[in-house]
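Heads up: numbering here begins at 1 and tracks the sequence.
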Amino acid sequence: MKDKKWIALIAVIVIMLVGLIYLNSSKKKEISWVPTFYNTDTNPYGTYISYELLKTVFPDNKIRSTRKPIYNNLKDTLNSYFFYDDYSDYEFEENDSSYNNNEYIYDDNNETSYSDSGNIAIDDVIVTTTSNITDNTTYDPMSMYDGIEIPDTTAYIFVNKDFTLDKVDLEYLLDFVGMGNNVFISSEGFSRLLMDTLTIKEEKTYFDSDSIYTLIDYPNEEYAFTNAYSDTYFNTDSCKLAVRALGQNKKGQSVFLQVKYGNGYFYLHSVPMAFTNLNILNLDKYDFAFRSLSYMPRSSKVIWDEYQKQGALGEQSMFRVIFSSIPLTIALCISLLGFLLFMIFRAKRTQRIIPIINPPVNSSIEFLDTISNLYYRKKDFHAIAEKRQAYFLDYIRKNYYMSTEYIDSEFIQLLSTKSGAEKDTLNDIFAYYKDISTLYDVPNDMFLKYNSLLEDFYRTVKNK
């Protein structure tokens, strides 16, 4: 009978789980208005459409997305032509077959691949001249890129809410552009390291209704965008590089720059919302994004970054470390199976062991004996008398409801009447305490007399 109940309970649980899975799968997915800028996000503020339409700007179909750091994408090619410190500890390993080829092939199913091993689409780099730098006082950092020729350039595109960069990635990205490639960054926040290197200041305006933008080469067309967090523009007054403003807001502040670095260009763009699905589908706004991208060579190979938005492949999984190892995966499965078997066979209620509870021990007498011995050995009769008198007065207040503030003949007469104690005994108690309280060194016989009077009082009261 019990087995049948267990079988029925398990069947009900399984049916409920299947029902929940079905309801979740059939439930209509709600529209998310969070600006993710993911190239796989079809919600209003994803960039799925922009990524799919890149082939209209770069028709050679040499397009791929990456979820690797900048260093991992560029190191194999750049390490062949520049000397770097050892960044072996920085290595990022990822089992992703889409990154294991070198020839770009665009696929309509949003998948990209290469034909040969490698990490980056910079091929046939030819260094015609090299020189050793010995005089740092006359060294031009851009001269290290002189003589480097790249027949096929690559465009590295970032569309983020915030563009972040560490020193290693910055070093590789600068050399990547210096060789003659291009980097396009559309973001409302830019890395401090990059902006300091380019000597450009990033300014922000919050809660500003100014969202009208124009491209310098198309002055008669205006584009209205609502920024995700802030209106960002650039200050190039202190820039020491060749810079050209390509776009501005209605206040004339630069929001789109072309910055020459070595043989290539940085394109700094502060309106990433222009690339979102919501604005690309708007006929009055869609060409702002693609006109911005058109400043880079159409024949460029393209790397579209998703690492700074989505992280590396598998980073979202809580069990990514376990699933990356077969022994750990097997151990997890065995543990789950054991837990399931335990729930089936040992989940029934069992009687717990009744603990033995010992009755509390009344140690009040031992405690008082210890305290009294302590005082007695110290011969501090004055302190003992004070505490005994305080307890005596407290006893009177609690049992006879009399105020002990003033001790006079009327008080003693009333106390004698209520308690039944002799009036002379009460007079002696208060008289002895008065004498003891005035003495610093209390004689032993005086204290014993006072104590015996109190004991007589308590015995008389209890017998009444």
Chemist: Show the nearest heavy-atom pair for residues Thr154 and Phe176, with the distance to one decimal.
Modeler: O-CZ, 3.7 Å
Chemist: Kindly state each residue pair satisfying ring-ring contact (aromatic ring centres under 6.0 Å, His included) with at least one member in residues 385-431, sequence neighbours excluded.
Modeler: Phe392-Phe430, Phe392-Phe457, Tyr395-Tyr458
Chemist: Does a donor on one side chain sit under 3.5 Å from an acceptor on the other, for Asn43 and Ser32?
Modeler: no
Chemist: Compare all side-chain heavy atoms of Ile200 with those of Leu241 and state whether any distance is below 4.5 angstrom.
Modeler: no
Chemist: A side-chain contact here means heavy atoms from C-beta on lying under 4.5 Å apart; do Phe288 and Tyr213 qualify?
Modeler: yes
Chemist: Mind listing the closest non-hydrogen atom pair of Arg67 and Gly311 along with its distance?
Modeler: NE-O, 2.9 Å
Chemist: Using a 4.5 Å cut-off on heavy atoms from C-beta on, say whether the side chain of Leu257 contacts that of Leu246.
Modeler: no
Chemist: How would you list, by chain and number, every residue that makes a salt bridge (Lys or Arg N to Asp or Glu O under 4.0 Å) with Glu30, sequence neighbours excluded?
Modeler: none
Chemist: Does the ring center of Tyr450 lie less than 6.0 Å from the ring center of Phe381?
Modeler: no
Chemist: For the residue pair Leu439 and Met446, establish whether any side-chain heavy-atom pair is separated by less than 4.5 Å.
Modeler: yes
Chemist: Using side-chain heavy atoms (C-beta onward) and a distance below 4.5 Å, is Asn39 in contact with Gln310?
Modeler: yes
Chemist: For Tyr307 and Pro69, which heavy atoms make the closest approach, and how far apart are they?
Modeler: CZ-CG, 3.6 Å
Chemist: Decide yes or no for Val255 and Thr232: does some side-chain heavy atom of the first lie under 4.5 Å from some side-chain heavy atom of the second?
Modeler: no
Chemist: Is Lys309 positioned over the aromatic face of Tyr38, cation under 6.0 angstrom from the ring centre and no more than 45 degrees off axis?
Modeler: no
Chemist: Please report whether the ring centroid of His269 lies less than 6.0 Å from that of Phe275.
Modeler: yes
Chemist: Just wondering, do Leu328 and Leu332 contact through their side chains at under 4.5 Å, heavy atoms?
Modeler: no
Chemist: How close do Asn277 and Thr47 get, heavy atom to heavy atom, and via which atoms?
Modeler: OD1-C, 3.7 Å
Chemist: If a pair satisfies salt bridge (charged side-chain N to carboxylate O under 4.0 Å, His left out) and one of its residues is in residues 449-458, list it, with sequence neighbours excluded.
Modeler: Arg388-Glu455, Asp456-Arg459
Chemist: Kindly indicate whether the side chain of Leu426, heavy atoms from C-beta on, has any atom under 4.5 Å from the side chain of Glu422.
Modeler: no
Chemist: Under 3.5 Å, is there a donor on one side chain and an acceptor on the other for Asn73 and Tyr156?
Modeler: yes
Chemist: For a side-chain hydrogen bond (donor to acceptor under 3.5 Å, both in side chains) with Tyr223, tell me which candidate from Asp287, Thr214, Asp284 qualifies.
Modeler: Asp287
Chemist: Under the rule for side-chain hydrogen bond (donor to acceptor under 3.5 Å, both in side chains), what residues qualify as partners of Asn182, not counting sequence neighbours?
Modeler: none
Chemist: Of all the heavy-atom pairs spanning Phe256 and Ser292, show the shortest one and how long it is.
Modeler: CZ-O, 3.5 Å
Chemist: Could you tell me whether Arg291 and Glu221 make a salt bridge, using a distance below 4.0 angstrom between a side-chain N and a carboxylate O?
Modeler: yes
Chemist: Enter the distance from Glu203:CD to Ser254:OG here, rounded to the nearest 0.5 Å.
Modeler: 11.5 Å
Chemist: In chain order, what residues pass the side-chain hydrogen bond (donor to acceptor under 3.5 Å, both in side chains) check against Lys398, with sequence neighbours excluded?
Modeler: Asp394
Chemist: Please lay out, stage by stage, how Thr276 and Asn279 fare under the test side-chain hydrogen bond (donor to acceptor under 3.5 Å, both in side chains).
Modeler: CA-CA 6 Å; Thr276 58; Asn279 291 315; 3.2 Å; yes
Chemist: With the threshold set at 4.0 Å, does a side-chain nitrogen-carboxylate oxygen contact exist between Glu202 and Lys204?
Modeler: yes
Chemist: Can you sort out the partners of Phe163 under ring pair (Phe, Tyr, Trp, His ring centres under 6.0 Å), two or more places apart, ordered by chain and number?
Modeler: Phe158
Chemist: For Asp162 and Asn160, what are the C-alpha separation, side-chain angles and deciding distance, and is it a side-chain hydrogen bond (donor to acceptor under 3.5 Å, both in side chains)?
Modeler: CA-CA 5 Å; Asp162 292 301; Asn160 306 351; over 6 Å; no
Chemist: Closest approach of Ser65 and Tyr51, non-hydrogen atoms and distance?
Modeler: N-OH, 3.3 Å
